[in-house]
Amino acid sequence: MANFKTAVISIICAGTVKAFSPTPLKSISRYESSDVPLYMTAEESGARDPVKVGVIGCGRIGIVHLGAINKAPGVVPVITSQEGPSTQKKNNNDKEASLLIITRNMARFVFIVTSLLLSTPATAFAPSNLQHAQAKSTSLRMTAGESGARDPVKVGVIGCGRIGIVHLGAINKAPGVVPVIVSNPTVSKAEDAAKKYGVAKFTSDAMEVITDPEVDAVWICSPSQFHADQIKACAANGKHVFCEKPIATDLAETVEAINACNEAGVKLMIGLQRRFDPNFLRVRRAIEEKEVGDTIIVKTCSRDPAPPPYEYVKGGGGIFNDMAVHDLDMTRFLVGDDPIEILAVGSCHIDKSIEDLPGSEAFDTASCIVRYPNGVNAMVDVCRQSSYGYDQRAEVLGTKGMIATDNVYPNTAKIYKNDYTGNADMPFDFFLSRYFEAYVTETEAFCKSLVEDTPVPCTGIDGLVALVMSLAADKSAAENRWVKFSEIIDQVYCTSPTECVLLAESDLFPAGFKPTGDLITDANDLILPDVDKQKEAGTFFDRFKKLVGSA
């Protein structure tokens, strides 16, 4: 074993890498219930003592490998050396190495080496179809001087399914943040996640995460129907919150949950992962820097590889709520302004079995036109089936040019034949493959916000507006007319920041009563300022009392 370890060290520091590649994983349907094996399980890694390694050479390449070793499961670096007369250089490099966060591609290679050391198949650190990970460093690659000598932020994770595991893996890599407890109703999943990531505590009860005195912040990755109550519970216990969208399945509950956090002075970030995709970020940068001039038209499309099962569609809220909401939010993100009104239509072309479902649940295809200020229009098309893979694109036409994204492929290889010229493989056909890096980056962004006490990049208002846009689209398709977003906002009446109802469900007003409003920015009248805005301008509670005081 000692000789083999020496050989591996030679491979890491000086050798040529050959023929190491994880066994490819089968494509997994977006709607499949099984967990994606994104990381190595406890059974795969075994309960063996860690392999202790040394690194010869602390130059740039040695530092890269040492950073990767430091993250790899089952391997512990115990000694380094640097040839040459300068001991100071060695010491400085050692310090730098302890802070380095390696790029994800290199981390995958070290997993392969780890798998060899542990005599297990190299199959599960990351699926082979995730090799599109960007090589650039993320915003959380901070030095000790940048992050300060603060105590680590301790966090808990509710939900250890596919999304929860993605977030937990990212939390485990982020500097200054430590996971201390995880929960899942099926406690064995929580136990497996705890073992996998070295989390000290696990439980089947989400409230044990929320009330844990060690926990500073909570990641909510549970089913949607539990989000609002769990957000409110976190606020009541003074915990910062990251919550996967939606905040709630009901508009009034959404307002209550946001205000609960803002009233308690805790951060709330909503998971809108496409905002962190490097392709869409590049388009936004082009808009902000006027590379294509003033924006005229924004277009997005989302087309899934295959339609979901009937059981998924039934009760899911319809195509605008469970699918188009991402694209509607993306148009707002790219335009950089609040929308005014929407026109939406839907139809069924793929799965005729859903035609008996109510409202937009009977649609597998839909289109929207969204009007923004200054005459800017956004067009969205979504379809539940695409024969050529997961189709996720955006295009912006400006007065000086156009910028567009393409689909993301597992590799850049192209094939040239007498009957075909083009990409050797299809685009990614699973949302976790397509947006894996975006999920990780959004998690790291919230970690950075916690460590540095800075505003979160996706606020409760962003989550509220996304829900309002999807509800307005649904209403437009049902009533076959343009719908102003203010119509949706005006359906909510609040007697206090955390006690809200929908007018349709309230006896406070006579039949047919409907308040009037203008742009979707009226949503700000329902929402207390978040903790970061309170720091800047003090409390706005009087404004809220003024809003509801005359009722």
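Throughout, residue positions are numbered sequentially from 1 according to the sequence presented.
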Any carboxylate oxygen within less than 4.0 angstrom of a Lys/Arg side-chain nitrogen, looking at R275 and E442?
no
Going by atom types only, do S222 and Q230 share a side-chain donor-acceptor pair under 3.5 Å?
yes
Does E444 come within less than 4.0 Å of K448, counting only side-chain N to carboxylate O?
no
Could you tell me whether R332 and D337 have a side-chain N and a carboxylate O separated by less than 4.0 Å?
no
So do the side chains of V178 and V153 get within less than 4.5 Å of each other, counting heavy atoms only?
no
Salt bridge present between K201 and E214 (N-O < 4.0 angstrom):
yes
Is there a donor in the side chain of R274 and an acceptor in the side chain of T300, or the other way round, less than 3.5 Å apart?
no
N-O pairing of K245 and D329 below 4.0 Å
no
I need the minimum non-hydrogen distance between L272 and D462, along with the two atoms involved.
CD1-CB, 4.1 Å
Write down the atom of C58, the atom of T80, and the distance for their closest heavy-atom approach.
SG-CB, 3.7 Å
Are side-chain N/O atoms of Q392 and S302 paired as donor and acceptor at under 3.5 Å?
yes
Go through the steps to decide whether E244 and H167 satisfy the test side chain to side chain donor-acceptor pair (under 3.5 Å), and finish with yes or no.
CA-CA 10 Å; E244 274 294 331; H167 287 297; 2.7 Å; yes
